[in-house]
J.: 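Encoded as structure tokens, here's the structure I'll be asking about.
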Amino acid sequence: MEFYQAFLTLTLVHLLGAASPGPDFVMVSQQSLVHGRRAGLLVSLGIALGLSVHIIYSSVGLATVISESSAILTVMKYLAAAYLIYLGWKGIRSKASVGDDEQQADIKPRSAGKLISMGFVCNALNPKAPLYFLSVFTLVLSPDMPIIELALLGAWMMFIQMVWFGSVALVLSKPSVQAKFKKVGHWVDRVLGSVMLVFGLKLLFTSTTK
């Protein structure tokens, strides 16, 4: 497949993949609604960076090995499930803020590193990713594709991911949206935490074998 054809095909496929609901979307929504634009954008950046893990092993041909190894997929499944359940439980235990706006403003925001790592881990541990990237790379790549073209396609996928989730974060962190959720932020945390918990439990009890 020619580079421009691979570029267009990958763009369409990955846009659809990024837009499909999943743990990444829930995490960005939760952080944007409850903690604001900065948190949503940093988590989005982490998710985009998490793609690099899948892109690297797929580009060197390990996607097939990983997707065919029940042991590796099982380990990834349990790690991802544990992480999602942990995040979900934290959300469910969220409590209403007390005090006035000045007191709430004194609450120390999460560090950039922690927010980026949250998104990174959520994406990098996704046990469904090896199969997805195997299918995508098989569809658009050819054995003789230059490494520079492969790197450009990988970077483009990360850019698409960042733009999509960054857009979600910007929309959900608008002042008008934030105002509506300000007094019920803890309920947003609880509901989205419950969704995250469901994702984790579903993953935990889903077989990784084909």
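Residue numbers run from 1 in the order of the sequence given.
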J.: Test of understanding: clusters of I, L, V, M, F, W, Y form through side-chain heavy atoms closer than 4.5 Å, transitively. Do V171 and L42 belong to the same one?
T.: no
J.: Output the distance between atom CZ (R37) and atom NZ (K174), rounded to the nearest 0.5 Å.
T.: 9.0 Å
J.: Is it true that V28 and V163 fall in one hydrophobic cluster, defined by side-chain heavy atoms closer than 4.5 Å?
T.: yes
J.: May I ask whether I56 and V121 are part of the same hydrophobic cluster, defined by side-chain heavy atoms of I, L, V, M, F, W, Y residues being less than 4.5 angstrom apart, directly or through others?
T.: no
J.: A169 and G40: which non-hydrogen atoms are nearest, and at how many Å?
T.: CB-C, 3.6 Å
J.: Do you reckon L197 sits in the same ILVMFWY cluster as F205, going by side-chain contacts under 4.5 Å, direct or chained?
T.: yes
J.: For residues Q31 and A39, report the shortest heavy-atom separation together with the two atoms involved.
T.: O-CB, 3.8 Å
J.: What's the spacing between S44 OG and W164 CH2 if we round to 0.5 Å?
T.: 11.0 Å
J.: Do the side chains of L153 and I148 join up, straight or via other hydrophobic residues, at under 4.5 Å, putting them in one cluster?
T.: yes
J.: Taking only residues two or more places apart in sequence, or in another chain, which ones meet A48 in a side-chain contact (heavy atoms from CB on, under 4.5 Å)?
T.: Q161, M162
J.: Could you tell me if the side chain of L41 sits less than 4.5 Å from the side chain of L170, heavy atoms only?
T.: yes
J.: Between W156 and F159, is the ring pair (Phe, Tyr, Trp, His ring centres under 6.0 Å) condition met? List the steps.
T.: CA-CA 5 Å; W156 180 243; F159 179 74; 5.4 Å; yes
J.: Checking side-chain contact (heavy atoms from CB on, under 4.5 Å) against N123, which of V43, L51, L49 comes through?
T.: L51
J.: Under 4.5 Å between any side-chain heavy atoms of M157 and H54, yes or no?
T.: no
J.: Locate the shortest heavy-atom distance separating A112 from R38; write the atom from each residue and the value.
T.: N-NH2, 3.3 Å
